[in-house]
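Please read all numbers here as calculations on a predicted model, not as lab measurements. FYI, side chains are in, hydrogens and waters are out, and symmetry mates aren't considered; it's all heavy atoms of this structure.
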Amino acid sequence: MQSYPQHTSINMPSYGQDVTTTIPISPQPPPKDFVLWSLFNFVLCNAFCLGLCALSYSIKSRDRIIAKDFVGASSYGRTAKIFNIFAFCVGLLVTILSIVLVFLYLPLYTVRP
């Protein structure tokens, strides 16, 4: 005679019970501090000391990241980004104007009789 398996049951919640599942939350990456961009603007595009201001706020943002204060780091990083944009635009404008003025007012060669 063959033996059939006995009845097995699966423990499932009924329709009226609340089923909660936990999803692991991955840690958010820290906000950007723009230190390299600030250093570039400080060295090469430091018009009106905007590069120095951007570098200062970038370093403050990095300190806030180390202290695990991501809200403060985000605020300082956003301010550093704004200073970097202004410093880069003003530095680029001054560079282009300088090149144009040199070519307009400085003759490329002088003709001597």
Side-chain angles (χ1 to χ4, degrees):
M1 204 164 150
Q2 284 185 329
S3 167
Y4 289 102
Q6 296 293 330
H7 176 64
T8 58
S9 65
I10 300 173
N11 293 330
M12 297 284 292
S14 64
Y15 291 108
Q17 292 179 348
D18 185 24
V19 178
T20 58
T21 58
T22 58
I23 300 172
I25 299 174
S26 62
Q28 292 182 349
K32 294 186 178 185
D33 53 8
F34 304 106
V35 171
L36 290 178
W37 190 13
S38 300
L39 193 60
F40 170 80
N41 284 333
F42 177 67
V43 173
L44 298 177
C45 301
N46 198 12
F48 305 114
C49 294
L50 291 173
L52 179 65
C53 292
L55 185 64
S56 173
Y57 277 101
S58 294
I59 292 172
K60 286 181 180 182
S61 175
R62 182 157 289 185
D63 288 343
R64 294 287 92 203
I65 289 172
I66 292 172
K68 303 290 186 199
D69 178 17
F70 294 133
V71 174
S74 176
S75 174
Y76 283 128
R78 203 172 322 115
T79 306
K81 181 180 178 182
I82 291 170
F83 275 124
N84 279 322
I85 290 171
F86 283 140
F88 184 74
C89 290
V90 170
L92 189 65
L93 184 70
V94 166
T95 302
I96 291 172
L97 282 175
S98 299
I99 291 171
V100 168
L101 290 177
V102 164
F103 280 117
L104 283 178
Y105 293 110
L106 186 68
L108 295 176
Y109 58 92
T110 57
V111 178
R112 295 186 184 199

Practice problem: Could you tell me whether the side chain of Thr79 and the main chain of Ser75 form a donor-acceptor pair under 3.5 Å? | Solution: yes
Exercise. Mark yes when over 12 heavy atoms from residues, nucleotides or ligands other than Phe70 sit less than 6.0 Å from its CZ; otherwise mark no.
Key: yes
In Å, rounded to the nearest 0.5 Å, how long is the span from [atom1] of [X] to [atom2] of [Y]?
X     : Y     : atom1 : atom2 : answer
Ile65 : Tyr76 : CD1   : OH    : 12.5 Å
Leu36 : Leu55 : CG    : CG    : 10.5 Å
Asp33 : Ser74 : CG    : OG    : 11.5 Å

Quiz item: Can you hop from Leu92 to Val94 via hydrophobic side chains spaced under 4.5 Å?
Solution: no
Quiz item: When hydrophobic residues are tied together by side-chain contacts of less than 4.5 Å, even through go-betweens, does Tyr105 share a cluster with Val100?
Solution: yes
N/O donor to acceptor pairs below 3.5 angstrom from side-chain atoms of residues 37-53, sequence neighbours left out:
from: Ser38; atom 1: OG; to: Phe34; atom 2: O; distance (Å): 2.7
from: Ser38; atom 1: OG; to: Ala54; atom 2: O; distance (Å): 3.3
from: Ser38; atom 1: OG; to: Ser58; atom 2: OG; distance (Å): 2.6
from: Ser38; atom 1: OG; to: Asn84; atom 2: OD1; distance (Å): 3.3
from: Ser38; atom 1: OG; to: Asn84; atom 2: ND2; distance (Å): 3.0
from: Asn41; atom 1: ND2; to: Asn84; atom 2: O; distance (Å): 3.2
from: Asn41; atom 1: ND2; to: Asn84; atom 2: OD1; distance (Å): 3.0
from: Asn46; atom 1: OD1; to: Gly51; atom 2: N; distance (Å): 3.2
from: Asn46; atom 1: OD1; to: Leu52; atom 2: N; distance (Å): 3.4

Exercise. Search all heavy atoms of Ser61 against all heavy atoms of Lys32 and return the closest pair with its distance.
Key: OG-O, 3.9 Å
